[in-house]
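Chain naming here is simple, since letters A, B, ... match the order of the sequence lines and numbering starts at 1 in each.
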Amino acid sequence: MLRLLHPRDFSLDAPVVAHALIGATLLVDGVGGIIVETEAYDRTEPASHCHPGLTPRNQAMFGPPGRAYVYRSYGIHWCLNFVCREEGHGAGVLIRAIQPTHGLEIMRQRRGLEDERLLCAGPGRVGQALGITLDHYGAPLDEPPFQVLATPENHPAVEVQSGPRIGISKAVDLPWRFGLAGSRFLSRRF
DNA sequence: CTAGTGATCCGCT
DNA sequence: GCGGATCACTAGA
């Protein structure tokens with residue numbers, strides 16, 4: 001059966017959590033689907049928003065694991081991260097793409113788009129389709145409106161690919177992007 | 001298919 | 001003032 005992830009499930013290193021989240025289900029107010037692409041970020045590495053240390057904007061990533069870190073991207077998009085490791089460290093996992101399974105019509109309305117493949121194929125698209133705003137900043141992932149459901153035990157093993165992260169200019173060689181192999185809902189092929 | 005561009009805003013130097 | 005953890009759209013090969 002589906003198991004709701006507990007905050008302690010997010011207490012490991014960001015790349016470990018990012019890998020483990022592939023195949024899990026993310027719903028916000030019942031809308032969402034299967035996570036098929038993630039990226040890990042950590043304070044010790046210069047591409048991360050928390051690399052410079054604690055600031056008002058990134059404070060959620062220095063808080064307890066298992067909460068949402070939301071940021072504005074390019075002045076336009078809201079992007080969703082899961083805080084991980086331990087309180088005070090500064091690490092998170094960016095949700096980059098989802099295979100839509102719940103609330104397709106709501107997501108189509110929010111996105112103003114027909115093509116299911118592009119509904120949640122990218123962090124900005126995920127934010128728009130799931131209705132992410134600053135209201136979700138710091139919110140616990142095991143409480144409404146969030147539901148993060150583990151991959152079912154009897155589910156066929158998911159094959160996870162990894163590669164360099166997208167859209168960054170620092171630490172470009174770290175293979176901290178993870179994806180469901182062969183999924184047509186990725187933001188880009190590996 | 002790739003390359004280029006504008007939109008739009010905020011955190012930080 | 002600069003430059004993004006992006007996207008949609010256009011032009012051209």
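- Look at OH on A/Tyr41: it is 12 Å from P on C/dG4, rounded to the nearest Å.
- Residue A/Ile168 is in sugar-phosphate contact alone, with no base atom involved, counting any heavy-atom pair closer than 4.0 Å across all strands shown.
- In this structure, A/Arg177 places its CZ atom 11 Å from P of C/dT6, rounding to the nearest Å.
- Distance CD1/A/Ile35 to SG/A/Cys120: 11.0 Å, rounded to 0.5 Å.
- Scanning both residues, A/Ala14 and A/Tyr41, for their nearest heavy atoms gives CB-O, 3.5 Å.
- Using a 4.0 Å cut-off, some side-chain N or O of A/Arg125 falls inside it from OP1 or OP2 of C/dA8.
- A continuous path of hydrophobic side-chain contacts links A/Leu141 to A/Tyr137 [ILVMFWY only; heavy atoms under 4.5 Å].
- One can place CD of A/Glu37 at 11 Å from C1' of C/dA5, the figure rounded to the nearest angstrom.
- Taking atom CG on A/Leu113 and atom C1' on C/dA8, their separation rounds to 10 Å, with Å as the unit.
- The interatomic distance linking A/Tyr71 (OH) with C/dG3 (P) rounds to 18 Å, in whole Å.
- Here C/dG4 presents its P atom at 17 Å from CG of A/Asn81, a figure rounded to the nearest Å.
- For A/Ser169, the listed nucleotide lying nearest its side chain is C/dG4; candidates were C/dC7, C/dA5, C/dG4.
- Remark: of the listed residues A/Ile166, A/Asn81, A/Thr38, A/Val126, A/Asn81 is the sole one forming a side-chain contact (heavy atoms from CB on, under 4.5 Å) with A/Leu94.
- Within the nucleic acid shown, A/Arg57 comes within 4.0 Å of sugar-phosphate atoms alone, with no base atom in reach, counting heavy atoms only.
- Across all strands shown, A/Asn58 has no heavy atoms under 4.0 Å from either base or sugar-phosphate atoms.
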Could you spell out the base pairing of DNA chain B in dot-bracket, with Watson-Crick or G-U pairs whose two distances are under 3.5 Å, [ ] crossing and | to another strand?
-> |||||||.||||.

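- As a whole-Å value, the separation of A/Phe178 CZ from C/dA5 P is 18 Å.
- Heavy atoms from other residues, nucleotides or ligands lying under 6.0 Å from CG of A/Asp115 number more than 12.
- For the residue pair A/Gln128/A/Arg110, the side-chain donor-acceptor check at 3.5 Å is not satisfied.
- Between atom CD1 of residue A/Ile34 and atom OG1 of residue A/Thr151 there is a gap of 8.5 Å, rounded to the nearest 0.5 Å.
- Note on residues 39-68 of chain A: pairs passing salt bridge (charged side-chain N to carboxylate O under 4.0 Å, His left out), not counting sequence neighbours, are A/Glu39-A/Arg96, A/Glu45-A/Arg165.
- The phosphate of C/dC7 (OP1 or OP2) has no side-chain N or O of A/His77 nearer than 4.0 angstrom.
- Among the protein residues, A/Gly124 comes within range of the sugar-phosphate backbone only, with heavy atoms under 4.0 Å from sugar or phosphate atoms but none that close to a base.
- Both A/Leu134 and A/Phe82 belong to a single network of hydrophobic side chains, linked directly or stepwise wherever heavy atoms of I, L, V, M, F, W or Y lie under 4.5 Å apart.
- Protein chain A touches strand DNA chain B; the 5'-most and 3'-most nucleotides with an atom under 4.0 angstrom of its non-hydrogen atoms are B/dA7 to B/dC12.
- For C/dT6, one of the phosphate oxygens OP1 or OP2 lies less than 4.0 angstrom from a side-chain nitrogen or oxygen of A/Arg96.
- When the C1' atom of C/dC7 is taken as reference, atom CG of A/Leu118 falls 11 Å away, rounded to whole Å.
- One hydrophobic cluster, built from ILVMFWY side chains closer than 4.5 Å, holds both A/Ile95 and A/Ile132.
- Between C/dA5 and A/Arg188, no contact under 4.0 Å exists linking OP1 or OP2 to a side-chain N or O.
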